Enquirer: 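First, the structure itself, so that you have it in front of you.
Basis for what follows: all heavy atoms, side chains included, without hydrogens, waters or symmetry-related copies. What you see is a predicted model, and the numbers here were worked out from it, not measured in a lab.
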Amino acid sequence: MFNGLIAYLDSIKARDPAPRSRWEILLYPGLLAVGMHRIAHWLFEADLFFLARFVNHFSRWLTAIDIHPGAKIGRHLFIDHGFTVIGETAEIGDNVTIYQCVTLGGTDPANGIAGKRHPTLANDVIVGSGAQILGPVIVNARARVGANAVVTKDVPEGAVMVGIPARSTLLDATEYAREFVPYGTPCSETFDPATQKVELLQCQLEQMQKQLAALLAEREVAEEQAPRRKGSRNSA
């Protein structure tokens, strides 16, 4: 158990350069919220729903993080800063990072899975601050959800999602993120889908201009050669 706690603290330190020691991390509200959720979830699984809710409400009062006792959370979840809501049927894999003001919210089931109202986050997912992931969607492994994005559809593995509604950029996360990237996306306009689409349109326009210029050049050559051919026929 002690070794597991040390590994957990080290995993947080690897994703957050702010703490100078493991002792500081022990004061993080996200760490306390996850720890108390373990207790609440154990009570929930034992059908002790009132006690589970009591622990949940006490944790929310202490940390401003609301994790329903029924949510399933894997190893090394890092909730940075807090003010996060995680719904009852949410499932979170290993080494997931969630920044402040994120909601893993529920809607009416639309995919035929009875009772599944909240998202599923696979391993190594990063969710930026203010993002809203709604409904029984699946955010696959290594995906990044940018700040303030609203996700209502499944996210492919390694995708980088931004915008409202969230849409994938043209780059896979593995192309630029060999290591951990805070808040899910780099601070560069080159990763914005709208900017990338404009760049693609510019490239297509340049190609069309080159093709048009080539066609006009061929036409001019053909028009210059036409009178010569006509003159040679008359002389014959």
Enquirer: Check ring-ring contact (aromatic ring centres under 6.0 Å, His included) between H37 and all other residues, then give those that pass, not counting sequence neighbours.
Expert: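 By the ring-ring contact (aromatic ring centres under 6.0 Å, His included) rule, H37 matches H41.
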Enquirer: Of all the heavy-atom pairs spanning T89 and R117, show the shortest one and how long it is.
Expert: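 Between these two residues, the closest heavy atoms are OG1-N, 2.9 Å.
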Enquirer: If you define the side chain from C-beta out and look only at heavy atoms, does anything of N140 sit under 4.5 Å from V155?
Expert: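 With C-beta onward as the side chain, the pair stays apart.
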Enquirer: Mind checking who shares a hydrophobic cluster with L51, ILVMFWY linked at side-chain heavy-atom distances under 4.5 Å?
Expert: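 Besides L51, the cluster holds L32, M36, I39, W42, L43, L48, F50, V55, F58, W61, L62.
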Enquirer: Counting only pairs under 3.5 Å, give me each side-chain donor-acceptor contact of residues 65-74, with atom names and distances, residues two or more places apart or in other chains.
Expert:
{"from": "D66", "atom 1": "OD1", "to": "N56", "atom 2": "ND2", "distance (Å)": "3.2"}
{"from": "D66", "atom 1": "OD2", "to": "R60", "atom 2": "NH1", "distance (Å)": "3.2"}
{"from": "H68", "atom 1": "ND1", "to": "G70", "atom 2": "N", "distance (Å)": "2.9"}
{"from": "H68", "atom 1": "NE2", "to": "R53", "atom 2": "NH2", "distance (Å)": "3.1"}

Enquirer: State yes or no: do L9 and I79 share one hydrophobic cluster built from I, L, V, M, F, W and Y residues joined by side-chain heavy-atom distances below 4.5 Å, directly or via other members?
Expert: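 Hydrophobic grouping puts L9 with I79.
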Enquirer: Taking only residues two or more places apart in sequence or in another chain, which ones pass side-chain contact (heavy atoms from CB on, under 4.5 Å) with D10?
Expert: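 Residues passing side-chain contact (heavy atoms from CB on, under 4.5 Å) with D10: I6, R22.
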Enquirer: Working to the nearest 0.5 Å, report the span between CD1 of I92 and CG of L104.
Expert: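 I92 CD1 to L104 CG: 5.5 Å, rounded to 0.5 Å.
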Enquirer: Treat each ILVMFWY residue as a node, draw an edge where side-chain heavy atoms are under 4.5 Å apart, and state whether I12 and I86 are in one component.
Expert: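 I12 and I86: one cluster.
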Enquirer: Can you name the closest pair of heavy atoms from D154 and I138 and give their distance?
Expert: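 Taking D154 first and I138 second, the nearest heavy atoms are OD1-N, 2.9 Å.
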Enquirer: Has K116 got a side-chain atom pairing as donor or acceptor with H118's backbone, closer than 3.5 angstrom?
Expert: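 Yes, because the side chain of K116 sits within donor-acceptor range (under 3.5 Å) of the backbone of H118.
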Enquirer: For residues L31 and L26, determine if any side-chain heavy atom of one lies less than 4.5 Å from a side-chain heavy atom of the other.
Expert: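 Side-chain contact under 4.5 Å: yes.
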Enquirer: Could you work out, with side-chain contact (heavy atoms from CB on, under 4.5 Å) as the rule, every residue matching A18, not counting sequence neighbours?
Expert: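 Result, side-chain contact (heavy atoms from CB on, under 4.5 Å) vs A18: D16, Y28.
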Enquirer: Taking the side chain as every heavy atom from C-beta outward, state whether I126 and R144 have any atom pair closer than 4.5 Å.
Expert: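 Yes; the side chains approach each other to less than 4.5 Å.
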Enquirer: With a 4.5 Å heavy-atom cut-off, do P119 and V137 have their side chains touching?
Expert: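 The answer is yes; the side chains approach within 4.5 Å.
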Enquirer: Looking at side-chain heavy atoms only, is the closest gap between V127 and T84 below 4.5 Å?
Expert: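 Side chain of V127 against side chain of T84, heavy atoms only: no contact under 4.5 Å found.
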Enquirer: Do you reckon V34 sits in the same ILVMFWY cluster as I133, going by side-chain contacts under 4.5 Å, direct or chained?
Expert: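 Yes, because V34 and I133 connect within a single hydrophobic cluster, where side-chain heavy atoms sit under 4.5 Å apart.
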Enquirer: Could you state the interatomic distance from CD (E206) to CE (M208), rounded to the nearest 0.5 Å?
Expert: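 CE of M208 is found 12.0 Å from CD of E206.
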Enquirer: Taking ring-ring contact (aromatic ring centres under 6.0 Å, His included) as the definition, give me every residue that meets it alongside F54, ordered by chain and number, with sequence neighbours left out.
Expert: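 Testing F54 for ring-ring contact (aromatic ring centres under 6.0 Å, His included), a comparison that skips the adjacent residues, returns none.
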Enquirer: To check you understand the geometry: which heavy-atom pair defines the closest contact between M161 and A149, and what is its length?
Expert: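 Smallest heavy-atom distance, with atoms named: O-CB, 4.2 Å.
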Enquirer: Mind listing the closest non-hydrogen atom pair of A33 and T63 along with its distance?
Expert: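 It is CB-OG1, 3.8 Å.
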Enquirer: Side-chain heavy atoms under 4.5 angstrom apart, residues restricted to Ile, Leu, Val, Met, Phe, Trp, Tyr: same cluster for F78 and W23?
Expert: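 Yes.
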Enquirer: Might you point out which heavy atoms bring A143 and P156 nearest each other, and give the distance in Å?
Expert: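 Where A143 meets P156 most closely, the heavy atoms are CB-O, 3.8 Å.
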Enquirer: Same cluster for L5 and I25 if Ile/Leu/Val/Met/Phe/Trp/Tyr side chains link at under 4.5 Å?
Expert: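 Same cluster.
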Enquirer: Side-chain contact, heavy-atom cut-off 4.5 Å: N123 with N95?
Expert: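 No. Closest side-chain heavy atoms not under 4.5 Å.
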